[in-house]
Each structure stands twice: as C-alpha cells, then as structure tokens.
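One structure is given below, encoded as structure tokens.
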Protein chains: 2
Amino acid sequence: MINRIRELRGERGWSQADLAERLDVSRQTVNAIETGKYDPSLPLAFKIARLFGLSIESIFEPEPQAATPMVSRHPME
Amino acid sequence: MINRIRELRGERGWSQADLAERLDVSRQTVNAIETGKYDPSLPLAFKIARLFGLSIESIFEPEPQAATPMVSRHPME
DNA sequence: GGAACATGTCAAGCACGCTTTACATCCTAA
DNA sequence: TTAGGATGTAAAGCGTGCTTGACATGTTCC
C-alpha cells in the first residue's frame, strides 16, 4: 500500500510528531506508515483522510499488483 | 465502524461464502466484519470497495462518535 | 562545541485481523 | 423426515497495528 502522507504533511510544514499528535497516535506509528513498514487500520485511515480533507482513495493506493502466484491458491483440492 | 456490506451483498444475491471467495478471505472473516466484530484491514477495505464499485467512504462510516473520555488522554504530564 | 529538533529504528508487549477446524441453529427442498 | 445451504460462533494460532521507552544520526542555531 503506497501513500502520500509524507507529501501532505510536508505541504503543511508539520513534523511527524505534529501529525502524530493531531491523529492521536504515536510518532513511531506515523513514521512506520510513512516508511511503508505497515498500513494503518481502517479507522486511522479515515482520521488521516479527514485531517487532510481528502478521500482515502486519493491518499492511499493498493500495491501496483501483488502478482498472482504461479501456484494454486487452493492446493490439493 | 459501521458498514453496508450485508446490504450490498444481499442486493447481489451472494452468500457470505460467495463474497468471501470473491475477496479471497474466509467466510468467518466476512461474517465477523458484517456482524461488527472487527473492522477489515485497509487493503481488504479497498478490495471490498472495488468489488462493489463504490468508494470506501460510501461503504464504511466511522462510529457515530467514540465520545471523548472524561479523563485526560495524557495523564500526569 | 553544545542544545534542540527531526527522523529512523529497535525491542517488548498488548490487541486486533485473519486463518482453520468445528459445531449449533434455522430454513427450505425433496 | 432427512439433507443441504446459510449463518453465527468458538478456540487456537500467527502476523500485524500500535504502544512506550530508548538510542543513533543529521541539521540548525547559539
């Protein structure tokens, strides 16, 4: 999942700590999401979208494509 | 987090198992999300929205309001 | 040089998202 | 009446989302 959070935060001149406070999460959480360590929960994604006044779809984008594996998704059936 | 999944699924005449298969998750996951036991991950929310051809915002809605607790969120600081 | 801030990262711990297996109930069809 | 589908729920297990605390680095400003 790719996101534009760092860009949106930068436009507003906020530090990761500033954003974390506005979202009521830890600074490490903001950093982990920006650096792609993990995706936010759906409720947090809503908070982020509302804070920036944008839709979730305009901030987050599912991975280019988690290519369908060469093996069956339902082996031995 | 409130969602309209059961309604959208019903309109299409799909069982929970049908929907689960289309989303590539277990039937219990669909059931748990419909019955409000937990919220889907952000990637699954995207899958759901795309399957129904709707925006995430038009399917999910953050709780009416998780009322601000009477106690400080940052005690002893 | 030293203080202060911004960012990145690690570790431990807890709660949640999702899995498989299994069982119970309800409803409809034959 | 029995079989089958649809739904609800439970337990155990694994990985992720988020927390606090801590430390390292780079930058800026005195």
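Per chain, numbering begins at 1; letters A, B, ... match sequence-line order.
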Note, A:F46 side chain near B:L42 side chain (heavy atom, < 4.5 Å):
no

When you get a sec, tell me which of C:dC18, C:dG8, D:dT20 is the closest nucleotide to the side chain of A:S26?
D:dT20

Check whether any side-chain heavy atom of A:L23 sits under 4.5 Å from a side-chain heavy atom of A:T29, and report yes or no.
no

If the cut-off is 4.0 Å, is B:R9 near the phosphate of D:dT7, judged by side-chain N/O to OP1 or OP2?
yes

Rounding to an integer number of Å, can you tell me how far B:F60 CZ sits from C:dG17 P?
12 Å

Separation of C:dG8 P from A:I5 CD1 (nearest whole Å)
13 Å

Do B:V25 and B:L44 have side chains that get closer than 4.5 Å, going by heavy atoms?
yes

Categorize B:S15 for me: base, sugar-phosphate, or nothing, with a 4.0 angstrom heavy-atom threshold over every strand shown.
sugar-phosphate

Between protein and nucleic acid, restricted to nucleotides 9-16 of chain C and to nitrogen or oxygen atoms under 3.5 Å apart, what atom pairs and distances do you find?
| unit_1 | atom_1 | unit_2 | atom_2 | d |
| --- | --- | --- | --- | --- |
| C:dT9 | OP2 | A:K37 | NZ | 3.0 |

Min side-chain heavy-atom separation B:R9-B:E34 under 4.5 Å:
yes

Whole-Å distance separating the CD atom of A:Q16 from the P atom of D:dT27
16 Å

Any side-chain heavy atom of A:I59 within less than 4.5 Å of one from A:I48?
yes

Rounded to whole angstroms, how far apart are CG on A:L42 and C1' on D:dG17?
13 Å

Within the 4.5 Å heavy-atom criterion, are A:P62 and B:K47 side-chain neighbours or not?
no

OP1 or OP2 of C:dG8 less than 4.0 angstrom from a side-chain nitrogen or oxygen of A:R6, does that happen here?
yes

Measure from NZ on A:K47 to P on D:dG17 and round the result to the nearest Å.
17 Å

Here the distance between atom C1' of D:dC18 and atom CG of A:L23, to the nearest Å, is 13 Å

Five-pair end axes of the helix from C:dG1-D:dC30 to C:dA30-D:dT1, angle between them (10°):
30°

In whole angstroms, how far is the P atom of D:dA6 from the CD atom of B:E34?
13 Å

Length of the line joining B:M1:CE and D:dG17:C1', which is rounded to integer Å
14 Å

Residue pair A:R6 / A:T35, side-chain heavy-atom distance below 4.5 Å
yes

Does B:F52 reach the side chain of B:S58, with side-chain heavy atoms less than 4.5 Å apart?
no

Side-chain donor/acceptor of B:E61 to backbone N/O of B:N3, under 3.5 Å
no

Ranking B:W14 and B:S41 by the position along DNA chain D of their nearest nucleotide, the one closer to 5' is B:W14

